Amino acid sequence: MIELEDIQKRYVLGGETVTALDHVNLTVGDHEYVSIIGPSGSGKSTLMNIIGCLDAADGGVYRLDGVDIARYSQRQLAAIRGRKIGFVFQQFNLLQKLTAYENVELPLIYQGVSEKERRVRVGEALSRVGLGQRMHHRPNQLSGGQQQRVAVARAVVTRPSIILADEPTGNLDSKTTVEIMDMLEELHAQGNAIVLITHNPEIAARAPRCVHIRDGRLSEVEPGGSRAVEGGGA
């Protein structure tokens with residue numbers, strides 16, 4: 001499903017070139033659950049943005065479902081994001097003036113889904129995350145954990161094959177963190193591929209497969225926690 005081959009990304013900051021991703025190789029199969037762990041500045045968010053078709057690499061090849069995404073226009077990439085990829089972010093990214101229902105409904109409106117179908121799918125998504133009774137609440141009327149649940153519902157309402165979660169528990173207490181992680185594991189059990197970005201070893205260890213990133217380079221982590229293969233590939 002996801003194939004990154006020799007991916008490179010550099011930025012110019014203050015006249016100096018900074019390497020964010022250094023010849024990265026990564027494959028994530030259909031229905032696989034992978035965590036990517038690394039400290040701040042390691043390149044993990046840059047990697048997430050490239051996987052999510054939010055940014056383009058400077059070099060290398062990214063194939064999604066066997067197709068090199070360099071072939072797609074910006075409009076086609078936007079359609080892919082809306083259809084195949086669901087995003088969950090640390091900051092929730094909910095629109096404060098909209099209710100939970102309206103926040104979850106928004107991506108379906110962009111896709112041109114009928115109002116009748118939207119009602120069914122939004123209701124199902126919010127019920128799935130335990131917020132069926134709070135769908136008409138606005139974000140400021142919800143706890144942080146409930147807001148993240150709305151964000152998860154928004155991510156799955158389009159029925160994507162891939163869920164990209166970027167530090168989804170970073171702003172949550174320990175109890176709510178467990179609930180959100182349980183929810184992601186349930187989505188994986190139901191067939192979604194999950195790519196989870198985190199700096200937290202305990203969160204990363206919950207995934208069946210873990211990849212470490214440091215200074216823009218990847219290394220696979222063995223199930224027991226020890227690092228296996230150093231270098232750009234994973």
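Only heavy atoms go into these numbers, but all of them, side chains included; no hydrogens, no water, no symmetry mates. Quantities reported herein were computed from a predicted structural model and do not represent experimental measurements.
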Participant: Taking atom CD of E16 as the centre, report whether more than 12 heavy atoms of other residues, nucleotides or ligands fall under 6.0 Å from it.
Facilitator: no
Participant: Side chains of I180 and T177, heavy atoms from C-beta outward: is any pair under 4.5 Å?
Facilitator: no
Participant: Does any N or O in the side chain of D22 come within less than 3.5 Å of the main-chain N or O of R217, such that one atom is a donor and the other an acceptor?
Facilitator: no
Participant: Any side-chain to backbone donor/acceptor pair from E167 onto H199? Under 3.5 Å, distance only.
Facilitator: yes
Participant: With hydrophobic residues grouped by side-chain heavy-atom distances under 4.5 Å, do M48 and L64 end up in a single group?
Facilitator: yes
Participant: Check for me, please, whether I69 and V195 land in the same ILVMFWY cluster - side-chain distances under 4.5 Å, paths through other members count.
Facilitator: yes
Participant: I want to check something: taking the side chain as every heavy atom from C-beta on, are R149 and E179 in contact at a cut-off of under 4.5 Å?
Facilitator: yes
Participant: On a heavy-atom basis, which atom in R10 and which in Q8 lie closest, and how many Å separate them?
Facilitator: NH1-OE1, 3.5 Å
Participant: Decide if atom CD of Q133 counts as having more than 12 heavy atoms of other residues, nucleotides or ligands within a radius under 6.0 Å.
Facilitator: no
Participant: Going only through I, L, V, M, F, W and Y residues with side-chain contacts under 4.5 Å, is there a path from Y110 to Y72?
Facilitator: no
Participant: Can you see which heavy atom on N103 is nearest to which on L95, and at what distance?
Facilitator: OD1-N, 2.8 Å
Participant: With no hydrogens and no angle check, is any side-chain donor or acceptor of E117 less than 3.5 Å from a backbone partner on S114?
Facilitator: no
Participant: Could you walk me through whether L131 and H137 pass the side-chain contact (heavy atoms from CB on, under 4.5 Å) check?
Facilitator: CA-CA 10 Å; L131 289 177; H137 288 63; over 6 Å; no
Participant: Would you kindly confirm whether V34 and M181 end up in one hydrophobic cluster when ILVMFWY residues are joined by side chain heavy atoms under 4.5 Å apart?
Facilitator: no
Participant: Kindly determine whether I203 and S35 satisfy side-chain contact (heavy atoms from CB on, under 4.5 Å), including the steps that lead there.
Facilitator: CA-CA 8 Å; I203 297 298; S35 63; over 6 Å; no
Participant: Any Lys/Arg nitrogen of E186 or R128 sitting under 4.0 Å from an Asp/Glu carboxylate oxygen of the other?
Facilitator: no
Participant: Enter the distance from L94:CG to R154:CZ here, rounded to the nearest 0.5 Å.
Facilitator: 5.0 Å
Participant: For L21 and I213, what are the C-alpha separation, side-chain angles and deciding distance, and is it a side-chain contact (heavy atoms from CB on, under 4.5 Å)?
Facilitator: CA-CA 9 Å; L21 297 176; I213 184 167; 4.0 Å; yes
Participant: Roughly how far apart are I51 CD1 and I85 CD1, rounded to 0.5 Å?
Facilitator: 9.0 Å
Participant: Would a 4.5 Å heavy-atom cut-off, applied to side chains only, mark L142 and R134 as touching?
Facilitator: yes
Participant: State whether the number of non-hydrogen atoms from other residues, nucleotides or ligands found under 6.0 Å of D215 atom CG is greater than 12.
Facilitator: no
Participant: Go through the steps for E202 and R206 under the test salt bridge (Lys or Arg N to Asp or Glu O under 4.0 Å), then give the verdict.
Facilitator: CA-CA 7 Å; E202 293 182 5; R206 292 188 58 155; over 6 Å; no
Participant: Using atom types as modelled and distance alone, determine if a side-chain donor or acceptor of S42 lies under 3.5 Å from a backbone N or O of P39.
Facilitator: yes
Participant: Are the side chains of L172 and Q148 in touch, meaning some heavy atoms are under 4.5 Å apart?
Facilitator: yes
Participant: Would you mind reporting whether R121 and R159 have side-chain heavy atoms less than 4.5 Å apart?
Facilitator: yes
Participant: Y11 versus T46: any side-chain heavy-atom pair under 4.5 Å?
Facilitator: yes
Participant: Considering all heavy atoms of both residues, which atom of P160 and which atom of A155 are nearest to each other, and what is their separation?
Facilitator: CG-O, 3.2 Å
Participant: Between atom CZ of R118 and atom OH of Y101, what is the distance when rounded to the nearest 0.5 Å?
Facilitator: 7.0 Å
Participant: With rounding to the nearest 0.5 angstrom, report the CG to NZ distance, D55 to K9.
Facilitator: 4.0 Å
Participant: For V152, which of V104, L126, V129 qualifies under side-chain contact (heavy atoms from CB on, under 4.5 Å)?
Facilitator: V129
Participant: Dump the intermediate steps for side-chain contact (heavy atoms from CB on, under 4.5 Å) on M1 and D65, then the final yes or no.
Facilitator: CA-CA 4 Å; M1 175 180 290; D65 291 336; 3.5 Å; yes
Participant: Pick one: which of T158, V157, L106 meets side-chain contact (heavy atoms from CB on, under 4.5 Å) with Q111?
Facilitator: T158
Participant: Salt bridge check, R63 against D68: does any charged N sit closer than 4.0 Å to a carboxylate O?
Facilitator: no
Participant: Which heavy atom of V28 sits nearest to which heavy atom of R209, and what is that distance?
Facilitator: CA-NH1, 4.3 Å
Participant: Atom CD1 of I37 and atom CZ of R214: how far apart are they, to the nearest 0.5 Å?
Facilitator: 9.5 Å
Participant: Please check: side-chain N/O of H188 versus main-chain N/O of H31, any donor-acceptor pairing under 3.5 Å?
Facilitator: yes
Participant: Does the side chain of I2 come within less than 4.5 Å of Y62's, by heavy atoms?
Facilitator: yes
Participant: Would you say the side chain of V18 lies within less than 4.5 Å of the side chain of V12, judging by non-hydrogen atoms?
Facilitator: no
Participant: When clusters are formed by joining ILVMFWY residues with side-chain heavy atoms under 4.5 Å apart, either directly or through shared neighbours, do V178 and I194 land in the same one?
Facilitator: no
Participant: Can you name the closest pair of heavy atoms from R138 and K97 and give their distance?
Facilitator: NE-O, 3.0 Å
Participant: What distance separates L4 CG from L47 CG, expressed to the nearest 0.5 Å?
Facilitator: 6.0 Å
Participant: Of the non-hydrogen atoms in I36 and L26, which two are nearest, and what is the gap between them?
Facilitator: CD1-CD2, 4.2 Å
